[in-house]
Amino acid sequence: EAGVAQSPRYKIIEKRQSVAFWCNPISGHATLYWYQQILGQGPKLLIQFQNNGVVDDSQLPKDRFSAERLKGVDSTLKIQPAKLEDSAVYLCASSLVGGGIATNEKLFFGSGTQLSVL
Amino acid sequence: RKEVEQDPGPFNVPEGATVAFNCTYSNSASQSFFWYRQDCRKEPKLLMSVYSSGNEDGRFTAQLNRASQYISLLIRDSKLSDSATYLCVVNYYNNNDMRFGAGTRLTVKP
């Protein structure tokens with residue numbers, strides 16, 4: 001079974017530039033998450049989708065970050081403009097159900113995109 | 001208070017030792033809890049769910065204390081391969097909005 005696919009694997013940009021990350025979840029998974037993991041810290045939830053609707057984006061810095069999940073399958077996360085403090089690994093995860101249903105759903109993570117902002 | 005808080009570590013233990021990690025969460029209404037493992041430069045992977053009555057999976061035991069809003073993970077007979085960062089995860093608003101702690105790093109030495 002194919003896992004969660006993310007691209008690119010690495011990205012280096014200068015501050016004030018824009019960047020986009022792409023995620024394709026496991027087929028049939030309704031819920032998709034984007035996390036930001038700064039070195040030495042745990043993953044921070046940025047946004048949670050169920051199908052193509054947003055369940056939680058309370059920790060997404062909306063002045064510069066945006067995300068969409070058109071058609072309820074793959075998703076893109078964009079940063080515009082990037083700041084030095086955005087340097088982190090951006091992890092995408094998916095789960096089978098989730099979003100309004102309290103279940104013990106396992107998260108499956110992609111390998112992440114490592115972003116360096118210079 | 002942080003949503004999910006863990007022992008900062010690092011924990012450096014010899015092979016065969018028993019080690020315990022703690023985690024507290026701030027939303028008393030949270031209903032489900034997990035431990036994930038993350039190897040260096042890899043993605044997190046589910047280690048085990050945490051059930052109300054406590055649960056065991058081989059050398060790993062997870063406990064939940066709802067009154068104190070506290071979760072623990074006990075590893076017995078540590079192996080070199082247990083070296084990793086252990087992340088406490090809470091289904092914070094019971095909406096499958098999985099919130100992670102900062103992680104506790106474990107190094108098991110020969």
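We name chains A, B, ... by the order of the sequence lines, and we start the count at 1 in each one.
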Could you walk me through whether A/Q6 and B/E43 pass the side-chain contact (heavy atoms from CB on, under 4.5 Å) check? CA-CA 12 Å; A/Q6 286 190 249; B/E43 70 274 18; over 6 Å; no
What are the two closest non-hydrogen atoms of A/L107 and B/Y36, and how far apart are they?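 Nearest pair, atom of A/L107 first, then B/Y36: N-OH, 2.9 Å.
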Interface moiety of B/Q6 toward chain A, non-hydrogen atoms closer than 4.5 Å: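 Contact with chain A: none, neither part.
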Suppose a student defines contact as a heavy atom less than 4.5 Å from any heavy atom of chain B. Which residues in residues 36-44 of chain A would they list?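 Checking residues 36-44 of chain A against chain B gives A/Q37, A/G40, A/Q41, A/G42, A/P43.
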Would you say [atom1] of [X] has more than 12 non-hydrogen atoms from neighbouring residues, nucleotides or ligands within 6.0 angstrom?
X     : atom1 : value
A/K62 : NZ    : yes
A/R16 : CZ    : no
A/Q80 : CD    : no

Do you reckon [X] sits in the same ILVMFWY cluster as [Y], going by side-chain contacts under 4.5 Å, direct or chained?
X      : Y     : answer
A/F65  : A/Y35 : no
B/L64  : B/Y86 : yes
A/F109 : A/F49 : no
B/I71  : B/I75 : yes
B/V50  : B/V4  : yes

Drop me the distance from [X]'s [atom1] to [Y]'s [atom2], to the nearest 0.5 angstrom.
X     : Y     : atom1 : atom2 : answer
A/L45 : B/R99 : CG    : CZ    : 5.5 Å
B/D97 : A/T31 : CG    : OG1   : 11.0 Å
A/S58 : B/Y93 : OG    : OH    : 6.5 Å

I would like to know whether B/M98 and A/Y33 meet side-chain contact (heavy atoms from CB on, under 4.5 Å); could you show each step before the answer? CA-CA 9 Å; B/M98 303 298 190; A/Y33 305 81; 4.2 Å; yes
